[in-house]
Protein chains: 2
Amino acid sequence: MSRSATRKRIEEKADALFYEAGFEATSFADIAGAVGISRGNFYHHFKSKDDILDAVIDRRLAATQTMLVSWETDAAPKDRIRSFIRILITNRTKIMAFGCAVGTLTTELAKLDHIAESRAAEIFGLFRDWLADQFIALGHKDDADALALHVLARSQGIAVMASALKDEAFLRAEVSALEAWLDRLPVQTSTKD
Amino acid sequence: MSRSATRKRIEEKADALFYEAGFEATSFADIAGAVGISRGNFYHHFKSKDDILDAVIDRRLAATQTMLVSWETDAAPKDRIRSFIRILITNRTKIMAFGCAVGTLTTELAKLDHIAESRAAEIFGLFRDWLADQFIALGHKDDADALALHVLARSQGIAVMASALKDEAFLRAEVSALEAWLDRLPVQTSTKD
DNA sequence: GTCTATAAAGGGATAGAC
DNA sequence: GTCTATCCCTTTATAGAC
């Protein structure tokens, strides 16, 4: 029961358009045009716009998981956290144009009072739990979750302001400041009882 | 040539709806319904949806200026900056529901590739310049702008995550952390030559 | 699985009566 | 200054031919 190639292409284009133009502002005609199919064919693969939003969120959840697992090849927890922070540098062009894909979708769905808002926020949940695991590995057992949320908030703030200002120097300076914060964070080596 | 009371009511309701539901998702019918006038009457006061967006941004620019001036009754620059940071606490209910009004509008207009994006970003410009003035008063002449942007970015990050998580404890904790950062910031008293 | 044609609703915007 | 009526376009969604 492999999903059709067309369905996958619709998901890819919808994912990109929801990010670049927003969910509400993206029409079926936009998606169909990007994929190169007719509007009618669209409904053979998805029964509604909400249905494709669900598929896009599934895609992003899966992509996030894959990315987090790939970062675990870095042995040192601080290097793993640094991999997260440096998404801002890697994706700087898109972030300066459209903000963060996770933050902006969650924000938009909150305003639309959309049923999928909590599922979109689950992507933050994956990052949160993974980051907390890294802070636990650094010995911050008691404040791991707060530290994880701190890194997430700092990153979201950088994305919002980088997009508003269209200023790469700002983005790089704030990423450096966040990395410096991480460097200063004491590593508490656990001593078994 | 005072603007009519109806025009003002339209601006107020549009401002609230653009914040709570988003610009794109708010229709003329929504605004007219909220104000209690017919759709046709709407066009007597504004010639297009973009026209009312301009008026809403004007409103927000003016409101921001008024707020910044009001904070200058606080003599100490750190107290002034604290006034800014504490908007997050004062407006926490709306922020947890809809995010920051400035950040979310700028983000949405960026995705829509809307001509008013840069004017919306000017609201950030007001905060940026005002905050930078306070950091200069604290003796941070050389990095005043960077510090101002840091505070703006931290605040935006808190707003995005507070909205995604719907978590007031997180919001309060991050506001406290930002205030602690401000407390730790050294005040460099200038010694004339 | 893909298409064309079309329905049904809602969007922005205009005309003209009152 | 406010209303009703209407236009035109786009939107989501469906029906049915190929």
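Each chain gets a letter, A, B and so on, in the order its sequence line appears, and its residues count up from 1. Worth knowing before you read on, the calculation uses all heavy atoms, side chains too, and leaves out hydrogens, waters and symmetry mates. All of these numbers come straight from a predicted model, not from anything done at the bench.
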(request) Please list, chain by chain and in numerical order, all residues satisfying salt bridge (Lys or Arg N to Asp or Glu O under 4.0 Å) with B/R9, sequence neighbours excluded. (result)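 If we apply the salt bridge (Lys or Arg N to Asp or Glu O under 4.0 Å) test to B/R9, skipping adjacent residues, there are no hits.
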Only distances under 3.5 Å count here; give the side-chain donor-acceptor pairs of residues 28-44 of chain B to other protein atoms, sequence neighbours excluded, each with its distance to 0.1 Å.
{"unit_1": "B/D30", "atom_1": "OD2", "unit_2": "B/S27", "atom_2": "N", "d": "3.0"}
{"unit_1": "B/D30", "atom_1": "OD2", "unit_2": "B/S27", "atom_2": "OG", "d": "3.1"}
{"unit_1": "B/S38", "atom_1": "OG", "unit_2": "B/N41", "atom_2": "N", "d": "3.3"}

Which pairs would a plain distance check flag for residues 17-24 of chain A, meaning a side-chain donor or acceptor within less than 3.5 Å of a matching protein atom at least two apart in sequence or in another chain?
{"unit_1": "A/Y19", "atom_1": "OH", "unit_2": "A/K94", "atom_2": "O", "d": "3.3"}
{"unit_1": "A/Y19", "atom_1": "OH", "unit_2": "A/G99", "atom_2": "O", "d": "2.6"}
{"unit_1": "A/E20", "atom_1": "OE2", "unit_2": "A/K94", "atom_2": "NZ", "d": "2.6"}

(message) Within the 4.5 Å heavy-atom criterion, are A/E174 and A/L88 side-chain neighbours or not?
(response)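 Heavy-atom side-chain distance check fails, nothing below 4.5 Å.
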(request) Using a cut-off of strictly less than 4.0 Å between a heavy atom of the residue and any atom of DNA chain D, enumerate the qualifying residues of residues 27-40 of chain A by number. (result) A/S27, A/F28, A/G40
(message) For a 4.0 angstrom threshold against heavy atoms of chain A, report the outermost contacting nucleotides of DNA chain D in 5' to 3' order.
(response)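 Nucleotide range with atoms under 4.0 Å of chain A: D/dT11 to D/dT14.
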(request) Mark yes when over 12 heavy atoms from residues, nucleotides or ligands other than B/I89 sit less than 6.0 Å from its CD1; otherwise mark no. (result) yes
(message) Between A/D79 and A/R86, does any NZ, NE, NH1 or NH2 come within less than 4.0 Å of an OD or OE carboxylate oxygen?
(response)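 The answer is no: the pair does not qualify as a salt bridge.
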(request) Kindly state each residue pair satisfying ring-ring contact (aromatic ring centres under 6.0 Å, His included) with at least one member in residues 65-87 of chain A, sequence neighbours excluded. (result) A/W71-A/W130, A/F84-A/F127
(message) Tell me which residues in residues 42-57 of chain A lie within less than 4.0 Å of DNA chain C, going by non-hydrogen atoms.
(response)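 Heavy-atom contacts with DNA chain C come from A/H44, A/H45.
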(request) Scan residues 5-24 of chain A against DNA chain C and write down, sorted by residue number, each residue with any heavy atom closer than 4.0 Å; if none is found, say none. (result)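 Going residue by residue through residues 5-24 of chain A, the ones with a heavy atom under 4.0 Å of DNA chain C turn out to be A/T6.
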(request) Show your working on side-chain contact (heavy atoms from CB on, under 4.5 Å) between A/I57 and A/E122 and close with a plain yes or no. (result) CA-CA 9 Å; A/I57 293 172; A/E122 274 179 39; over 6 Å; no
Under the side-chain hydrogen bond (donor to acceptor under 3.5 Å, both in side chains) test, which residues partner [X], sequence neighbours left out?
{"X": "B/D142", "result": "none"}
{"X": "A/S83", "result": "A/D74"}
{"X": "A/R119", "result": "A/D54, A/D58"}

Please tabulate, for side-chain N and O atoms in residues 151-170 of chain A, each donor-acceptor pair with protein atoms closer than 3.5 Å (sequence neighbours left out).
{"unit_1": "A/R154", "atom_1": "NH1", "unit_2": "A/H150", "atom_2": "NE2", "d": "3.1"}
{"unit_1": "A/S155", "atom_1": "OG", "unit_2": "A/V151", "atom_2": "O", "d": "2.8"}
{"unit_1": "A/K166", "atom_1": "NZ", "unit_2": "A/M96", "atom_2": "O", "d": "3.0"}
{"unit_1": "A/K166", "atom_1": "NZ", "unit_2": "A/S163", "atom_2": "O", "d": "3.0"}
{"unit_1": "A/K166", "atom_1": "NZ", "unit_2": "B/E117", "atom_2": "OE2", "d": "3.0"}
{"unit_1": "A/D167", "atom_1": "OD1", "unit_2": "A/A169", "atom_2": "N", "d": "3.0"}
{"unit_1": "A/D167", "atom_1": "OD1", "unit_2": "A/F170", "atom_2": "N", "d": "3.0"}
{"unit_1": "A/E168", "atom_1": "OE2", "unit_2": "A/R92", "atom_2": "NE", "d": "3.0"}
{"unit_1": "A/E168", "atom_1": "OE2", "unit_2": "A/R172", "atom_2": "NE", "d": "2.9"}
{"unit_1": "A/E168", "atom_1": "OE2", "unit_2": "A/R172", "atom_2": "NH2", "d": "3.0"}

